[in-house]
Asks: 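Handing you this structure, nothing more for now.
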Amino acid sequence: MGAFFSPFISQPDTVSRIMFKVLLALVPGIALYVWYFGPAILVSLTLASLTALGTEALMLKLRNRPIAPFLKDNSALVTGWLLALSIPPLAPWWLIVVGTAFGIAIAKHLYGGLGNNPFSPAMVGFAVLIISFPVQMTQWLSPHGLGAVELGFLEQLKYIFLGVLPPNMSLDAITMATPLDTLKTHLHLDEPIKQIFAMPIYGRLAGQGSEMVSLGFLLGGLYLLATRIISWHVPVAYLATLFVTAGIFHLADPSHYAVPLFHWFSGAALLGAFFIFTDPVTSPTTYKGKLIYAAGAGLITYLIRVFGSFPDGVAFATLLMNICVPLIVLYTQPRVFGKKGKRS
Amino acid sequence: MRTLYQFHGGIHPPGNKAQSTQCGITRVPLPSRLVIPFRQHAGEAAKPAVQAGEHVLKGQLIGMPCGFVSSAVHASTSGTIAAIDAQPIAHPSGMPDLCATLIPDGKEEWFPHEAVDYRNSDPADLRQRLRMAGVVGLGGAGFPSDLKLRFLRLHPSQKIDTLILNGAECEPYITCDDMLMRERAAEIVQGAEMLRFILDAGEVLVAIEDNKPQAITAMRQAVTESKLPFEVVVVPTIYPGGSAKQLIRVLTGLEVPSGKLPTDIGVQCFNVATVYSAYRALAQGELLLSRIVTITGNVRHAQNFEVLLGTPVQELVALGEALPDTDRYIMGGPMMGVELASLAVPLVKAGNCIIAASGKLFPPAPPTLPCIRCTRCAQVCPADLQPMDLYWFAQSREFGKAQAFSLFDCIECGACSYVCPSHIPLVQYFQFAKSEIRARAQEKQAADHARERHEFREYRIEREKQEKAEKLAAKEQAIRQSRAAATPANPVPGPAIQPEIQAAIERAKAQAATVEPKNTDNPTPQQLAEIAGIEAQRERVRDLAKSAVEHTNGHDKN
Amino acid sequence: MLSALLVMAGIAIVLGAVLGYSAIKFRVEGNPLVDKIDAILPQTQCGQCGYPGCRPYAAAIASGEADINLCPPGGEEGIHKLADLLGVEFKPFGGNTAIKPKSVAFIDENVCIGCTLCIQACPVDAIVGAAKQMHTIIASECTGCELCVAPCPVDCISMVPIREKITTWKWKYPVYSLAPAK
């Protein structure tokens with residue numbers, strides 16, 4: 001028996017349970033993903049899960065740490081799933097494997113494992129992939145009924161694992177750019193925004209299909225808020241900043257800048273607001289700090305989306321704001337009971 | 001209706017209070033043996049005032065308060081002091097402390113004692129009475145009550161506006177204050193009036209958490225009957241709402257400044273059981289010899305007992321009939337209690353509850369994982385601290401930073417450990433860091449003190465040297481002057497000094513002649529034997545020391 | 001060209017004047033580094049470092065003459081603190097330096113002959129007594145430097161380790177296992 005010190009009672013929640021609830025909250029988004037884009041995403045989720053657990057186990061063994069309790073904490077699965085949901089499902093199998101393995105091995109374990117990583121492992125994996133394999137990272141599926149041709153599940157598997165397409169079929173026919181990317185490309189061609197949004201790829205708010213997936217993530221996020229796994233500060237500050245920034249630009253020049261809601265429901269904004277920026281390990285611990293962090297992330301997301309060269313800004317916003325976390329925390333310490341004013 | 005305030009954080013652990021409130025307070029039969037520690041309070045241990053073998057009466061002083069923060073200790077019943085030695089006590093270290101073992105004679109013969117009319121007494125006299133009656137805080141900390149009744153006015157207008165009776169009893173399982181308020185409300189109210197008199201306080205509030213409706217009713221009735229202008233305030237049930245600083249915040253909206261006392265903001269707070277024992281001490285002259293204790297947890301009969309201080313815990317456990325799967329015992333509540341090293345430890349003034357625990361009742365926590373900075377601890381911290389940061393500093397031994405992040409404002413309530421999903425023993429880390437910091441401060445103080453003494457010694461040696469040199473120079477000067485006066489024409493240095501030396505030698509000789517031979521010549525045989533004995537002992541010690549040195553040397557070489 | 005030279009020269013003169021002024025105005029008496037080092041040293045004044053006291057050792061460290069790992073009473077922690085202060089690598093104790101538990105000297109009063117040699121040796125005046133009178137140690141002032149042990153002609157001084165009491169007990173660093181026992 002080890003030392004037995006007070007308190008002798010504790011609430012039953014564990015890291016494992018928290019992470020499991022995060023995974024659970026991702027399910028509605030994944031379900032809608034499958035509904036609109038087909039089951040290919042399930043393949044990358046499976047690949048990501050296996051790679052995440054395998055890399056985690058390997059790194060724990062190399063670091064001479066107990067394997068079972070850490071594998072059961074579900075944190076590696078969260079990393080894998082977040083990365084899988086951020087990259088094109090039709091990308092070759094090794095892409096998700098490389099990204100997940102890099103995130104877990106380098107960004108998580110080389111910094112000390114669970115709880116010690118300054119950067120979000122999933123987003124580090126994403127950044128590595130988009131910089132190293134930009135071509136593969138654009139192979140997004142088109143939603144049902146939009147692509148020129150649609151692959152069956154078996155054909156998708158064949159392409160993911162073997163890189164073989166059915167005869168007489170080009171990659172361009174089955175994949176397409178994301179709504180964010182399309183907007184950027186066409187704006188560069190000086191097309192008015194109204195005309196661009198008339199394209200079939202766009203739905204009511206943002207991308208056809210992808211807007212519904214974002215809605216799924218929003219639902220999952222509300223579940224996390226309701227179960228108090230995340231606090232309101234990050235999603236509210238992030239979405240508000242994104243909305244306000246997009247709103248200002250839209251009001252200034254409606255023909256060039258999309259409406260704020262488009263930015264909410266495009267790309268990984270809602271996934272980020274509820275699942276990525278809320279990662280407890282890499283975000284500030286103080287309420288005020290969370291607000292600053294999320295607001296900064298919202299601003300950077302918008303700037304990269306609209307003025308940067310990458311299609312989406314969530315990953316880089318995460319990493320850039322991760323760097324600032326220690327500073328933000330230091331300067332947002334709350335007032336301690338019985339002490340006057342603020343603590344420096 | 002009074003406006004209540006809130007403090008940040010807090011938790012709502014299951015209360016488990018119903019089990020031990022089914023029947024009233026029962027007196028415990030006289031045990032066969034009492035072990036009375038001399039340290040039952042915060043501060044200096046009392047100094048033993050009796051000797052082993054002495055017969056004492058009930059209420060006789062056996063431990064004299066020693067130092068400013070100290071309190072008296074008394075014999076809980078009449079009997080014989082069997083021993084005064086180190087016995088196991090309830091302490092997280094598991095270390096023994098000085099106790100008096102008392103074998104009762106069963107007569108319960110009282111030492112003469114008298115009541116006092118507090119209204120015609122000087123508050124200072126009443127405080128001294130409480131100190132000698134051994135009245136200390138019965139809520140857990142055991143701080144001597146007389147010191148809490150001292151109040152230094154910095155300016156004449158300063159006053160205690162509010163006296164709070166703490167009947168919150170926020171910790172799960174514990175019900176001793178609840179039962180006391182239900183059964184002895186009138187005495188508590190009278191005691192409160194006495195304390196109010198000593199402090200010259202304004203309003204008196206009795207704070208009771210809303211999970212004790214019967215205690216609230218009883219106290220309200222007692223207040224009405226006493227016709228005193230006290231107010232019974234129902235406060236929401238939240239842990240640690242019974243912590244003095246937090247309770248003061250809830251009732252008055254004021255925060256006791258960090259490092260200050262409640263009296264600095266015109267508030268003082270006493271546990272209801274302390275108030276009750278103050279009443280007994282002043283109105284009946286009865287010293288603090290017993291207290292109400294909750295026996296609960298994994299027992300067949302959870303109940304509150306009135307127990308003589310010093311009663312071994314095993315006798316209490318026997319009364320509650322602990323179930324067979326009980327594997328450990330806790331003194332205090334499940335949030336801040338101490339696991340008992342043995343059942344032989346005595347019940348002390350601060351021991352409000354004994355919980356029999358089993359693996360089923362308090363299941364072992366899941367394995368500890370690293371902190372994921374989920375901030376649940378910060379959300380529940382009643383002192384608005386950032387426990388995850390403090391934990392980080394404590395575990396990496398960055399004590400300076402821990403202090404800068406207000407480690408010493410932590411009240412060790414355990415709320416952070418309770419909610420931690422990684423099940424990190426946060427409180428233990430804070431206790432560790434605090435005691436390290438305290439020890440270092442003491443070491444630093446000792447080093448500074450040593451430096452001062454060393455420097456003074458250097459200065460002293462230097463001064464002595466100087467003084468010697470000055471004296472010498474002055475002497476020489478005097479001689480030269482006298483010689484110059486005697487033989488101004490022919491100064492010959494040699495023989496001139498001689499008479500002085502000669503005189504000194506002669507003086508010494510004369511002195512030697514007059515000195516009576518003392519015990520060195522013609523010693524008696526008895527003295528000779530003594531001298532031989534001493535010589536032999538010196539020889540033995542020398543040998544011992546030598547062999548010890550050789551032994552350690554040999555050891556080093558190995 | 002000329003204006004550039006003049007500007008540079010002007011800046012040089014102004015800065016030089018400021019530096020010179022501050023050197024006089026903020027002149028520090030003594031060597032502040034020695035004070036800082038001295039503050040870390042445990043003040044046992046034992047001379048185990050080879051210097052006659054803590055301050056001379058501090059001065060020797062400050063001048064670069066002595067190493068930082070010569071103070072056994074300070075323990076490894078003392079070396080760590082010195083290394084931090086001076087920005088140098090931690091150095092473990094040399095081979096024959098043993099770290100002893102904190103002790104105080106104890107005089108066996110049955111044996112003491114009252115020679116005052118220990119009183120003269122004590123660097124902090126922690127021994128009371130006079131010639132041909134029994135001596136005793138004021139335990140609360142003793143730094144455990146052992147300097148009194150050697151001069152005693154009858155070897156009546158021994159070092160007694162300070163035992164942990166309930167009042168000096170410290171909470172231990174929490175130990176727990178990540179995984180349940182295998």
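So you know, we letter chains A, B, ... as the sequences are listed, proteins then strands, and number each from 1. We use all heavy atoms of the structure for the numbers below, so side chains are in, but hydrogens, waters and symmetry mates are not.
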Asks: Counting the benzene-type ring for Trp, do B/Y173 and B/F362 have ring centres under 6.0 Å apart?
Replies: yes
Asks: What residue among B/F408, B/F432, B/F430 forms ring-ring contact (aromatic ring centres under 6.0 Å, His included) with B/F399?
Replies: B/F432
Asks: Need one label for B/M335: side chain, backbone, both or neither, based on atoms under 4.5 Å from any heavy atom in chain A.
Replies: both
Asks: Quick check: are there more than 12 heavy atoms from other residues, nucleotides or ligands sitting under 6.0 Å from CD of B/E398?
Replies: yes
Asks: Given a strict heavy-atom distance threshold of 4.5 Å, which part of B/C413 is in contact with chain A: side chain, backbone, both, or neither?
Replies: neither
Asks: For B/S406 and A/K339, which I'm curious about, is there any donor-acceptor pair between the side chains at under 3.5 Å?
Replies: yes
Asks: Sort and list the pairs that fulfil salt bridge (Lys or Arg N to Asp or Glu O under 4.0 Å) and have at least one residue in residues 225-239 of chain A, not counting sequence neighbours.
Replies: none
Asks: Check whether A/I18 gets within reach of chain B through its side chain, its backbone, both or neither, counting any heavy atom under 4.5 Å.
Replies: side chain
Asks: Counting only heavy atoms closer than 4.5 Å, note whether A/D279 contacts chain B via side chain, backbone, both or neither.
Replies: neither
Asks: So what's closer than 4.5 Å to chain A heavy atoms on B/T375: side chain, backbone, both or neither?
Replies: side chain
Asks: Are B/F393 and B/F405 an aromatic pair by the rule of ring centers under 6.0 Å?
Replies: yes
Asks: Do you know which of A/L71, A/L77, A/D73 makes side chain to side chain contact (heavy atoms under 4.5 Å, CB included) with A/S75?
Replies: A/D73
Asks: If I measure from the heavy atoms of chain A, does B/P257 come under 4.5 Å with its side chain, its backbone, both, or neither?
Replies: both
Asks: Determine whether the side chains of A/Q333 and B/Q386 contain a donor N or O and an acceptor N or O closer than 3.5 Å.
Replies: no
Asks: Taking A/T285, A/T286, A/V281 one by one, which has the highest count of heavy-atom pairs under 4.5 Å against chain B?
Replies: A/T285
Asks: With A/Y223, which residues qualify under ring-ring contact (aromatic ring centres under 6.0 Å, His included), at least two apart?
Replies: none
Asks: Scan side-chain atoms only and decide if B/D409 and B/S258 contain a donor-acceptor pair under the 3.5 Å cut-off.
Replies: yes
Asks: Less than 4.5 Å to any heavy atom of chain A: does that hold for the side chain of B/P14, its backbone, both, or neither?
Replies: neither
Asks: For chain A, find which of B/H8, B/Q379, B/E412, B/R376 contributes the most heavy-atom pairs closer than 4.5 angstrom.
Replies: B/R376
Asks: Checking heavy atoms, do the side chain of A/K290, its backbone, both or neither come under 4.5 Å from chain B?
Replies: side chain
Asks: Let me know if B/K245 has heavy atoms under 4.5 Å from chain A in its side chain, its backbone, both or neither.
Replies: both
Asks: Where on A/T278 is there a heavy atom nearer than 4.5 Å to chain B: the side chain, the backbone, both, or neither?
Replies: neither
Asks: Could you tell me which portion of B/A383 (side chain, backbone, both or neither) has an atom closer than 4.5 angstrom to a non-hydrogen atom of chain A?
Replies: both
Asks: Flag the one option from B/G332, B/G337, B/S422 with the top tally of heavy-atom pairs under 4.5 Å to chain A.
Replies: B/G337
Asks: If we define contacts as heavy-atom pairs under 4.5 Å, which of B/A378, B/G414, B/P172, B/P13 has the most with chain A?
Replies: B/G414
Asks: Where does B/P334 contact chain A at under 4.5 Å (heavy atoms): side chain, backbone, both or neither?
Replies: both
